[in-house]
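Taking it in order: structure first as structure tokens, then the write-up.
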Number of protein chains: 2
Amino acid sequence: MRRDIFQAIADPTRRAIITLIALQAMTPNAIAEHFDTTRQAVSKHLRILTECELIKQEQKGREIYYQLEIEKMKEIDKWLEQFRAIWETRFNQLDNLLTDLNGKKKK
Amino acid sequence: MRRDIFQAIADPTRRAIITLIALQAMTPNAIAEHFDTTRQAVSKHLRILTECELIKQEQKGREIYYQLEIEKMKEIDKWLEQFRAIWETRFNQLDNLLTDLNGKKKK
DNA sequence: AATATACGCAACCTTTTGGTTTCTCAAAAT
DNA sequence: ATTTTGAGAAACCAAAAGGTTGCGTATATT
């Protein structure tokens, strides 16, 4: 069973859950109300998200509040870093090209 | 058949392919040499990546070079944006807290 | 004490995924 | 002209994903 962040965010429902609880912790029932599935299905998604440590639980009486581990989200950002370097380079190349063209014009 | 970027980058082999061809276009055979699978398996991954427009092909004789569509990668970045806002806010809150503590110390 | 609620867990089912093997076709090499 | 090489397409398969229903248990409510 592969369980990493990229796997976790592949599912659109899970991405929606992440967005939903990003600002405030919620219980499985409360979350399920936002979707067109059963609580159990949501519960499964929550388990997957928990297993890859994207969310954490906090028990309050018989209710369990799920909260986003925002720090973990940075791992995606970290992976993107290598490509960001490329698209910024592309931008710089364009920039240089424009500068060169300007230079030629001025000559 | 769901075919979006998040789905595409969920597979570790596909992420590796993306990284591999990020800097220079490669043929399926050349790509497959880097992995422990058959060319056909790689070919399937390439098809999925092509379908969600993360890569594009360029035919040269009987060889097909696959190249990363770096622009498409920005869509992931775009999704992350909402969370970046949160983790920067958290940082600011911490910053404010530290400032407050400093203020109290100074009093 | 009895009932209702919140939740996780397990069993089960269907569809999707990731892979392999085989086939075909077009371009290159001999 | 024949053979080799690069590559997509199709058929097939095992494993995983995503969902459902049913059950057990702990906490609240009455």
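The structure presented is a predicted model; accordingly, all values stated were derived computationally and were not measured. Naming: A, B, ... by sequence-line order, numbering from 1 per chain.
In this structure, the nucleotide among C:dG18, D:dG8, D:dA17 sitting nearest to the side chain of B:Y66 is D:dG8. Closest to the B:E63 side chain, of the nucleotides D:dG19, C:dG19, D:dG6, is D:dG6. Minimum atom distance to the side chain of B:K44 is reached by D:dA11, of the listed C:dT17, D:dA11, C:dC7.
If you chain together hydrophobic residues whose side chains sit under 4.5 Å apart, B:W79 and A:L80 fall into the same group. Under the 4.5 Å side-chain heavy-atom criterion for grouping Ile, Leu, Val, Met, Phe, Trp and Tyr, B:I5 is connected to B:I21 within one hydrophobic cluster. Criterion: ILVMFWY side-chain heavy atoms under 4.5 Å apart, direct or through other members. Under it, B:I9 and A:I76 are part of a common hydrophobic cluster.
Put simply, CZ on B:R47 is 7 Å from P on D:dA9, counting in whole angstrom units. Rounded to whole Å, atom P of C:dA27 lies 11 Å from atom CD1 of B:I64. Distance A:I55 CD1 to C:dC7 P: 13 Å, rounded to the nearest Å. The nearest whole Å value for the distance from the CD1 atom in B:I9 to the C1' atom in C:dT17 is 17 Å. Distance, B:I48 CD1 to D:dG8 C1': 14 Å, rounded to whole Å.
Side chain A:R62 to base C:dA6: no donor-acceptor pair is found below 3.5 Å.
OP1 and OP2 of D:dA16 both lie 4.0 Å or more from every side-chain N or O belonging to A:R3. Under 4.0 angstrom from either OP1 or OP2 of D:dA17 there lies no side-chain N or O belonging to A:H45. Side-chain N/O atoms of A:Q59 include none lying less than 4.0 angstrom from OP1 or OP2 on D:dA26. For D:dG8, the OP1/OP2 oxygens have a side-chain nitrogen or oxygen of B:S43 closer than 4.0 Å.
Applying a 4.0 Å cut-off to non-hydrogen atoms, the residues of residues 14-34 of chain B that approach DNA chain D are B:T27, B:P28, B:N29, listed by residue number.
With B:M26 as the fixed residue, the side-chain contact (heavy atoms from CB on, under 4.5 Å) test singles out one of B:L46, B:L68, B:L20: B:L20. For the side-chain contact (heavy atoms from CB on, under 4.5 Å) criterion with A:I17, the lone passing option out of A:L54, A:I31, A:I55 is A:I31.
Atom CD of B:Q67 sits about 5.0 Å away from atom NZ of B:K56, to the nearest 0.5 Å.
Of the residues near DNA chain D, A:D36 and B:Y65, the one whose nearest nucleotide (by heavy atom distance) lies more toward the 5' end is B:Y65. DNA chain D is contacted by both A:K60 and A:A41; A:A41 maps to the nucleotide lying nearer its 5′ end (nearest heavy atom per residue).
A salt bridge links B:R84 to B:E81: at least one charged side-chain nitrogen sits closer than 4.0 Å to a carboxylate oxygen.
The minimum heavy-atom distance linking B:R14 with B:Q7 is given by the pair NH2-O, 3.4 Å. Scanning all heavy atoms of the two residues, the minimum distance from A:K72 to A:C52 falls at CE-O, 3.2 Å.
With 3.5 Å as the limit, one finds a donor-acceptor pair spanning the side chains of A:E63 and A:Y65.
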Between the protein and nucleotides 22-24 of chain D, are there any N/O to N/O pairs under 3.5 Å, and if so, what are the atom names and distances?
from	atom 1	to	atom 2	distance (Å)
D:dG22	O6	A:Q40	NE2	3.1

